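Beneath this line is the structure, given in structure tokens, with notes to follow.
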Amino acid sequence: MAVNAKRIRSSVLLASILGVAGLTSCYRTGNPEAVPPEPVSVVLNSLGFTFPEGLNENRNPYLDYIKERTNLDIRVIVPPSEGYEVKLNALMASGNPPDMLSVFSDVWVANYAKSGLLLPLNDYIDRYGPALKASIPKEAWDKVTFNGNIYAVPSVNDVRGIELMYARKDWLDKLGLKPPQTLEQYYEVIRAFARSGPAGSGKPETHGLTLIENLGRSSPFFGAFGVQLGQWLERDGKLVYADILPETKEALTFLRRLYAERLLDPEFPINKNRSLDQKVASGQVGLLSATWYDTRGAIELSRRNDPQAEWIPLDYPVGPAGRKGTYETSLIRQYQVVPAHSLRAGAAIRMLNFIAGEGSRELKLGFRNHVWSERDGRIVTDFAEHDKHLYRGMYSSLVDVPSPALLKERLDSLGPRFQLYSNVQAVERNIIRDEFQGPPTPAMEKYKKKLSGLRDVYVKMIVGVLPLDRFESYADWWRREGGDEITKEVNEWYQKQREVR
């Protein structure tokens with residue numbers, strides 16, 4: 001999946017180097033003038049992908065496919081994911097950075113662009129990027145444009161939300177419970193799962209609910225109060241920051257109640273995605289805010305480990321005021337930037353243009369008749385080969401562009417069992433929109449790092465290290481330490497958008 005980093009273990013993808021050559025030979029185009037390939041160096045994030053034995057980020061059939069179709073000699077650099085942004089800063093300070101860097105922070109892009117350390121890309125996109133111009137929406141370009149200049153090629157999230165609720169129906173049935181709908185019904189199910197155990201044995205063998213670090217997988221519970229952490233919401237014609245609203249305190253109070261009653265996994269502050277997946281797969285969790293693709297991940301592993309496990313999607317919990325929903329993912333997932341002194345900007349844009357255009361289908365779906373084939377007018381995926389080739393996402397994610405038809409085709413090809421496209425539709429029907437879609441404001445660039453500490457404060461409130469009645473004082477701290485300045489700039493942007501409309 002493009003939206004979640006997965007580690008893939010596999011044996012040999014191809015029997016030999018000849019096999020690799022065979023995969024790409026059918027994609028070669030003639031070059032009668034024998035123009036030597038133009039070199040270009042690019043820094044990518046691994047996104048958690050690993051390569052089958054004998055292959056790596058610079059030696060694999062998908063990179064060969066890009067090279068041969070663009071006549072580029074691409075050298076890929078993959079720093080460790082841990083401390084990735086620190087490595088980018090070091091490369092930028094080296095005096096000889098690579099030709100293109102893949103970045104995940106809008107504030108990073110804004111700071112380096114305004115410091116004159118990134119190259120404006122307008123002319124290169126006009127000359128070498130017709131597919132980029134045709135496929136990437138204006139609102140995405142607007143987020144990477146400063147003083148009329150484009151400083152990054154944005155990769156757009158093709159799904160605008162992630163989380164939805166899933167529960168084990170076999171546990172609900174054993175305990176005589178119906179699928180929950182209201183928040184209070186969710187509480188009753190969570191308590192029953194935690195205290196009665198999966199078989200109704202009365203042994204506390206399971207967690208009623210589990211989350212991950214930084215309050216990940218909590219979105220539907222905040223949505224029950226009409227808010228989402230980190231988002232800007234419209235109230236009375238102005239934008240307000242959700243994290244300091246009274247409704248957020250109500251959501252924290254609900255989660256504090258679960259923790260105090262030992263219904264919430266006590267390890268949630270340190271859980272990572274892998275920890276949560278293991279708990280789901282091993283039968284310790286029967287209700288969670290899943291990702292839309294977990295039906296092919298942790299939930300599928302649970303089914304394999306326990307043939308009795310029957311998972312069903314749930315309605316989002318409805319709060320006391322009738323609200324529900326989940327967070328909206330950011331419009332842009334990655335930014336591809338070119339350092340100011342690079343002489344290969346044209347090559348970088350040619351590569352990105354191919355990924356967004358001519359090469360997008362093969363890079364998204366995998367090679368035809370290897371990863372998938374067409375039968376009766378529809379795509380049928382070879383799961384074993386699909387999993388071996390997942391690393392192609394390292395390249396395709398550089399320029400994801402909106403393509404609902406391709407998304408449906410790709411997800412449906414993985415089989416009806418996983419309900420992937422239905423899950424995507426369910427998520428997108430319940431999005432609580434983030435109303436601020438502009439580039440980072442100057443105050444965000446200045447204060448964002450400091451103010452991000454509010455999330456840690458809220459975790460401490462849930463586990464009881466800090467009292468909930470301190471919420472208002474921390475909200476005041478946020479306003480005082482730069483939040484008011486950010487809010488002023490955000491609303492200046494918002495008013496301009498409303499005038500344009």
Side-chain angles (χ1 to χ4, degrees), residues 4 162-168 171-172 174-175 177 180 183-225 228-230 243 248-291 294 297-299 301-302 305-306 309 311 314 317 326-327 452-471 474:
N4 190 32
I162 295 178
E163 294 183 35
L164 76 169
M165 300 304 303
Y166 260 84
R168 284 190 59 163
W171 290 10
L172 291 170
K174 286 175 182 176
L175 295 169
L177 298 169
L183 192 64
E184 194 58 31
Q185 289 169 351
Y186 264 87
Y187 169 78
E188 296 296 336
V189 169
I190 289 168
R191 184 173 64 176
F193 281 5
R195 294 186 175 172
S196 299
S201 63
K203 296 179 181 179
E205 300 167 343
T206 63
H207 303 300
L209 177 71
T210 190
L211 310 175
I212 61 173
E213 59 186 352
N214 298 319
L215 291 178
R217 305 297 187 90
S218 65
S219 170
F221 297 100
F222 284 89
F225 295 92
Q228 291 297 324
L229 292 176
D243 294 38
T248 294
K249 182 181 181 181
E250 293 180 62
L252 294 173
T253 301
F254 175 79
L255 294 174
R256 170 61 190 155
R257 176 188 181 191
L258 297 183
Y259 189 89
E261 295 180 17
R262 299 185 179 181
L263 308 181
L264 178 59
D265 178 5
E267 296 179 341
F268 88 84
I270 59 172
N271 279 342
K272 296 187 181 296
N273 274 310
R274 178 178 290 185
S275 306
L276 183 145
D277 289 350
Q278 290 171 342
K279 290 175 180 180
V280 171
S282 63
Q284 297 178 59
V285 176
L287 180 148
L288 79 156
S289 181
T291 66
D294 271 341
I299 288 174
L301 286 175
S302 168
N305 292 337
D306 180 0
W311 289 87
L314 303 175
T326 185
Y327 73 94
S452 65
L454 210 53
R455 193 70 59 95
D456 292 334
V457 168
Y458 293 164
V459 171
K460 291 176 181 176
M461 288 181 178
I462 292 170
V463 301
V465 173
L466 288 173
L468 280 161
D469 60 14
R470 295 278 300 279
F471 179 89
Y474 278 101

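This is a predicted model, so every value here is computed, not measured.
For the pair Leu229/Tyr327, no side-chain contact is recorded, criterion being any heavy-atom separation below 4.5 Å from C-beta on. Val189 places a side-chain heavy atom less than 4.5 Å from the side chain of Leu172. Glu267 places a side-chain heavy atom less than 4.5 Å from the side chain of Lys279. Residues Phe471 and Thr253 are not in side-chain contact: their nearest non-hydrogen atoms beyond the backbone lie 4.5 Å or more apart. Between Ile462 and Leu264 the shortest side-chain heavy-atom distance falls below 4.5 Å. Contact check for Leu301 versus Val280: no side-chain heavy atoms found under the 4.5 Å cut-off. Considering only heavy atoms from C-beta on, Val285 stays 4.5 Å or farther from Leu276 through its side chain. Taking 4.5 Å as the limit, some side-chain heavy atom of Asp456 sits within range of a side-chain heavy atom of Asn214.
With sequence neighbours left out, the salt bridge (Lys or Arg N to Asp or Glu O under 4.0 Å) criterion links Asp306 to Arg168. With sequence neighbours excluded, the residues forming a side-chain hydrogen bond (donor to acceptor under 3.5 Å, both in side chains) with Arg191 are Glu188, listed by chain and number.
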(request) Kindly indicate, with the supporting measurements, whether the criterion side chain to side chain donor-acceptor pair (under 3.5 Å) is fulfilled by Glu163 and Thr326. (result) CA-CA 7 Å; Glu163 294 183 35; Thr326 185; 5.1 Å; no

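A ring-ring contact (aromatic ring centres under 6.0 Å, His included) with Trp171 is found for one member of Tyr166, Trp311, Phe193 and no other, namely Phe193.
Electrostatic pairing of Asp265 and Arg217 does not count as a salt bridge here, judged by no charged N lying under 4.0 Å from a carboxylate O.
Below 30°, between 30° and 60°, or above 60°: for Phe221 and Tyr186 the angle between ring planes is above 60°, a perpendicular geometry.
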